[in-house]
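Only one structure is covered here, and it is reproduced in the block below.
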Amino acid sequence: MPELPEVETVRLGLKPALEDRVILKAQIRRGDLRRPFPARFTERLEGRAVRALRRRAKYILADLDSGETLVIHLGMSGRMSVYAAGHRRRLGDYVYNPAPESAGHDKHDHVILDTDAPARIVFNDHRRFGLMTLIATDALEENPLFEDIGIEPLSAGFGAAYLAQALAGKKPPVKSALLDQRVVAGLGNIYVCEALFLAHISPKRLAGAVRRDEVVRLARAIKSVLKAAIKAGGSTLRDHAQATGDPGNFQHRFLVYGREGKPCKGTRCGGTVKRIVQAGRSSFYCPRCQT
DNA sequence: AGACGTACCTGACCGC
DNA sequence: TGCGGTCAGGTACGTC
């Protein structure tokens with residue numbers, strides 16, 4: 001699932017259940033995800049108020065009033081679902097599932113947080129590539145998880161100037177460079193493919209050989225595709241769901257991703273979308289539009 | 001230092 | 001119906 005737009009969608013959906021709320025009870029149903037939960041994990045969460053719910057790259061960050069931050073990564077298949085307790089189904093601007101008796105009892109429901117919204121938040125991750133940990137808030141930036149992560153693509157500081165210097169001298173293909181979280185934070189396979197199509201740049205081009213005028217288009221394309229995807233609630237292929245349980249909608253608007261053999265959607269093109277493998281990942285592109 | 005391949009884990013899907 | 005093989009949105013680690 002989750003690239004920046006999916007993580008941002010989940011964060012927005014969690015907000016009314018978590019931000020400025022108190023975590024009344026925390027439960028874990030196994031000892032680890034991708035890595036073990038930290039010592040006394042549930043005790044360090046219970047009774048804590050969430051001061052802010054932020055996102056950095058593909059991580060959701062819940063700043064607690066204890067000075068620690070709950071760090072959440074959804075991996076490939078993680079979901080965070082909110083169930084409104086009792087008969088209350090509306091939290092803020094969002095309508096959630098009522099709490100079924102089974103909420104938190106699926107085989108892959110690994111973490112359950114009950115807050116005073118009141119709401120139940122369930123973290124489900126069948127592949128267990130996800131991560132949850134606690135890090136001192138004022139030490140986040142120096143933490144190995146974050147110290148090498150690049151600029152946020154939707155921040156004011158991200159533009160052609162930044163991207164040009166970030167790609168300069170890089171030997172890998174531009175496709176691989178954009179997947180590198182040190183270059184730009186939060187991009188994944190889908191949105192890199194889509195952004196390169198929008199910018200008319202072949203994924204095979206070497207990062208350091210992308211011309212300045214192309215970098216200008218690429219920076220704009222990255223921003224626009226991410227914004228549109230967030231607006232659509234992200235892309236659901238298999239696993240992504242918004243916190244309400246609803247799928248995202250952006251997958252219906254893919255221009256190249258997953259469209260191998262289908263006609264290019266570029267105006268006046270008439271070409272066919274091709275799939276190649278780069279660094280072990282599928283790249284989709286139109287050889288006629290993207291050069 | 002940087003680039004590449006591989007491993008992590010489960011489920012869905014396809015062909016036989 | 002069942003089995004084996006392949007693939008999947010991400011990251012981290014070992015190796016060269």
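Lettering follows sequence order; numbering is per chain, from 1.
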**Study point:** Sugar-phosphate, base or nothing in reach of Lys107(A), heavy atoms under 4.0 Å
**Key:** sugar-phosphate
Exercise for review: Select base, sugar-phosphate, or nothing to describe what Leu145(A) touches, counting heavy atoms under 4.0 Å on all strands.
Suggested key: sugar-phosphate
**Study point:** Pairing of Arg34(A) and Asp32(A) as salt bridge, 4.0 angstrom limit
**Key:** no
Review point. Checking only heavy atoms, does the side chain of Arg128(A) share a donor-acceptor pair with the base of dC9(B) at less than 3.5 Å?
Key: no
**Study point:** Carboxylate-amine/guanidinium proximity below 4.0 Å for Arg48(A) and Asp65(A)
**Key:** yes
Exercise for review: Looking at every strand, decide which applies to Ser176(A) at a 4.0 Å heavy-atom threshold: base, sugar-phosphate, or nothing.
Suggested key: nothing
Review point. Counting side-chain heavy atoms from CB outward, which of dA8(C), dC4(B), dG10(C) is closest to Arg281(A)?
Key: dG10(C)
Review point. So does Arg120(A) pair up with Asp114(A), basic N to acidic O under 4.0 Å?
Key: yes
Practice item. Please state how far atom CD in Glu6(A) lies from atom P in dA8(C), giving the value in whole angstrom units. Key: 16 Å
Practice item. Select base, sugar-phosphate, or nothing to describe what Phe250(A) touches, counting heavy atoms under 4.0 Å on all strands. Key: nothing
Point to revise | Gap in Å between the two P atoms, one belonging to dT11(C) and one to dA12(B), rounded | key: 23 Å
Check your understanding: Can a salt bridge be assigned to the pair Glu260(A) and Lys274(A) using a cut-off of 4.0 Å between side-chain N and carboxylate O?
Key -> no
**Study point:** Phosphate OP1/OP2 of dT11(C) contacted by Tyr59(A) side-chain N/O (<4.0 Å)
**Key:** no
Exercise for review: Pick the P atom in dA12(C) and in dG11(B), then give their distance to the nearest Å.
Suggested key: 23 Å
Study note, to complete from the structure: When rounded to whole Å, the NZ to C1' distance for the pair Lys175(A) and dG9(C) reads 11 Å
Practice item. Could you tell me whether Gly188(A) contacts a base, only the sugar-phosphate backbone, or nothing, with contacts defined as non-hydrogen atoms closer than 4.0 Å? Key: sugar-phosphate
